[in-house]
2 protein chains.
Amino acid sequence: MGSRFDASASIGGVLYKDVKRALLAALSEGEWKPAEAIPSERRLIERFGVSVGTLRKAIDELVAENILIRHQGRGTYVATHRMEDHFFRFFRVLRQDGHRDYPTVRLAKFRRAKADKAEAAALGLSPGDAVFRFSNVLSLENTPVMIDDIAVPVERFPTLSEARLRERPNTLYNFYQDDFGINIIRTDERLRATLANAEDAEWMGIAEGSALLQVLRVAYSYHDERIEYRVSKLNTTHHEFTFSQP
Amino acid sequence: MGSRFDASASIGGVLYKDVKRALLAALSEGEWKPAEAIPSERRLIERFGVSVGTLRKAIDELVAENILIRHQGRGTYVATHRMEDHFFRFFRVLRQDGHRDYPTVRLAKFRRAKADKAEAAALGLSPGDAVFRFSNVLSLENTPVMIDDIAVPVERFPTLSEARLRERPNTLYNFYQDDFGINIIRTDERLRATLANAEDAEWMGIAEGSALLQVLRVAYSYHDERIEYRVSKLNTTHHEFTFSQP
DNA sequence: TTACATTTGTTCGTATGTATA
DNA sequence: TTATACATACGAACAAATGTA
């Protein structure tokens with residue numbers, strides 16, 4: 001069975017899945033950018049030659065995956081990390097009494113390097129490929145509680161620099177969106193307990209050998225493309241890492 | 001606006017939400033039990049007097065919440081914890097190389113007690129209400145890696161005993177389902193790093209003061225009813241706690 | 001304030017396809 | 001083969017939210 005519309009690689013079978021693929025393709029090609037509205041249902045129906053229900057089912061899934069956001073009476077928008085709800089989707093640290101707070105970030109390290117084994121494996125690179133490697137110290141209520149060691153492929157972030165990272169007005173994932181057209185839509189995380197080393201102890205003002213929560217994260221864009229590898233260490237004396245399993 | 005069908009407390013407004021509420025009510029009253037099929041779409045349409053699309057939208061949400069499972073050509077079933085996919089929904093421990101394995105469980109403690117402050121707060125009890133409190137040691141490949149300290153209200157598990165807990169053929173949540181008609185459908189978890197105490201060290205064969213991952217879990221049934229409070233401690237030397245954030 | 005056009009949300013009903021027993 | 005059950009697709013009508021003239 002051939003493609004039913006435009007040049008999208010439709011394998012056929014289920015029409016709404018084809019529509020979803022086509023929408024996803026348009027998104028990853030940047031036809032509609034984060035925070036922008038996509039065309040109205042009526043226009044998309046004309047474009048794809050399908051019924052409302054079929055289009056809706058395709059969009060339903062993209063909404064469920066947090067890729068699109070619908071607003072009745074306004075339109076359907078490409079999701080961003082700017083939106084308040086989306087920030088805490090990827091920042092899951094709360095005070096132990098349940099209080100949510102936005103962290104302040106200090107860039108503590110930045111350099112260009114060859115990917116080590118762990119980074120290459122996590123990002124699907126060849127060992128030796130270039131990465132930018134940088135560290136952030138995150139504070140809540142003026143107390144440093146978390147250190148993020150982050151690696152991203154130079155290939156996907158060719159113009160990244162320490163200055164631009166320092167000047168970013170927004171969240172990191174928002175910066176990826178606005179300045180590099182890269183949309184983080186999913187993360188895989190693995191958690192362990194570890195002990196604070198000398199640097200951890202200094203930066204977080206704790207004793208060496210304190211227990212820390214370590215989070216190894218791989219962040220993905222469309223089509224399961226791996227964008228970022230991050231190792232976080234969290235001081236859980238007064239905070240905790242939370243999530244809910246529905 | 002009054003109820004549109006049977007005795008369900010319909011506040012009106014959105015029909016498919018009413019249907020969903022009615023289905024949920026029937027489920028929590030035990031009209032259909034775990035692993036059983038609910039009536040076919042055609043029969044439910046007659047019962048509720050709605051169209052296919054409306055019924056389907058209600059069921060769609062229950063499927064998305066892992067409460068029902070659809071099988072084309074067979075029927076729609078009440079989810080259980082028996083099913084292979086569902087076990088690892090709540091047991092998120094993997095070997096560091098990614099290998100999944102079912103744990104073996106040893107019941108290490110069991111007693112009836114008055115709820116302490118943490119248990120009462122987590123389960124919404126008055127301090128002093130009766131709980132069953134028991135501990136499991138979980139092993140992977142014959143090595144103990146996790147200790148679960150579990151508390152449940154006596155009121156919801158009146159006939160629970162050490163013998164029944166020890167003889168249960170299946171997973172714990174499956175036991176709750178089969179023997180007490182209680183369906184765990186969601187958990188909230190909070191994670192911290194902590195250090196092994198003497199008992200942890202003895203039971204897991206590690207040094208006192210080793211770093212452990214601590215997981216505080218509240219498990220819910222329908223209507224956000226709190227059923228179980230659990231504090232787990234995991235040795236992350238060779239294993240890790242995983243999840244993905246879509 | 002009101003009226004109107006636009007956009008998404010809900011509900012209906014029907015026809016056909018696909019998987020299962 | 002046949003009957004049953006869920007899955008997909010279509011299209012129409014009306015409701016509700018939004019922004020604007």
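Chain naming here is simple, since letters A, B, ... match the order of the sequence lines and numbering starts at 1 in each. Being a predicted model, the structure only gives us computed values, none of them experimental.
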Whole angstrom value for the distance that separates C1' of C:dT10 from CD of B:E61:
12 Å
Round to the nearest Å and state the distance from B:K17 atom NZ to C:dT10 atom P.
8 Å
Whole angstrom value for the distance that separates P of C:dT18 from CZ of B:R74
19 Å
Looking at the base of C:dT18, is there any donor atom on it, or on the side chain of B:Q72, that sits under 3.5 Å from an acceptor on the other one?
yes
Value in whole Å for how far the C1' atom of D:dA17 lies from NE2 of A:H71:
12 Å
Just how far, in rounded Å, is P of C:dG13 from CD of B:E46?
13 Å
Testing D:dA5, D:dC6, D:dC10 for proximity to the side chain of B:R43, the answer is D:dA5
Name the residue closer to the 5' end of DNA chain D, choosing between A:G73 and A:T54 according to the nucleotide with the nearest heavy atom.
A:T54
So what does A:G53 touch, heavy atoms closer than 4.0 Å: a base, only the sugar-phosphate, or nothing?
nothing
So what does A:R56 touch, heavy atoms closer than 4.0 Å: a base, only the sugar-phosphate, or nothing?
base
Within the 4.0 Å heavy-atom criterion, would you say A:V52 contacts the bases, only the backbone, or no part of the nucleic acid?
nothing
When you measure from the side chain of B:Y16, which nucleotide among D:dC6, C:dT11, D:dG11 comes out closest?
C:dT11
Between A:H81 and A:F87, is the gap from one ring center to the other below 6.0 Å?
no
Between C1' of D:dT4 and CZ of B:R70, the distance in whole Å
16 Å
Lys/Arg N to Asp/Glu carboxylate O, B:R92 vs B:E189, below 4.0 Å:
no
Atom CD1 of B:I38 and atom C1' of D:dA5: how far apart are they, to the nearest Å?
12 Å
Tell me whether the OP1 or OP2 atom of C:dT11 has a side-chain N or O from B:K57 closer than 4.0 Å.
no
Answer yes when B:R95 and B:E141 have at least one side-chain N-carboxylate O distance shorter than 4.0 Å, and no when they do not.
yes
Using a cut-off of less than 4.0 Å, is there contact between a side-chain N or O of B:T76 and OP1 or OP2 of D:dC6?
yes
Quiz item: B:E41 side-chain donor-acceptor pair to D:dA5 base, under 3.5 Å
no
Would you mind reading off the distance between B:D18 atom CG and C:dC12 atom P, rounded to a whole angstrom?
11 Å
When you check the gap from the basic side-chain N to the acidic O, do A:K57 and A:E61 get nearer than 4.0 Å?
no
Holding to side chain to side chain contact (heavy atoms under 4.5 Å, CB included), I want the full list of residues that pass it with A:F88, two or more places apart in sequence or in another chain.
A:F91, A:R100, A:Y102
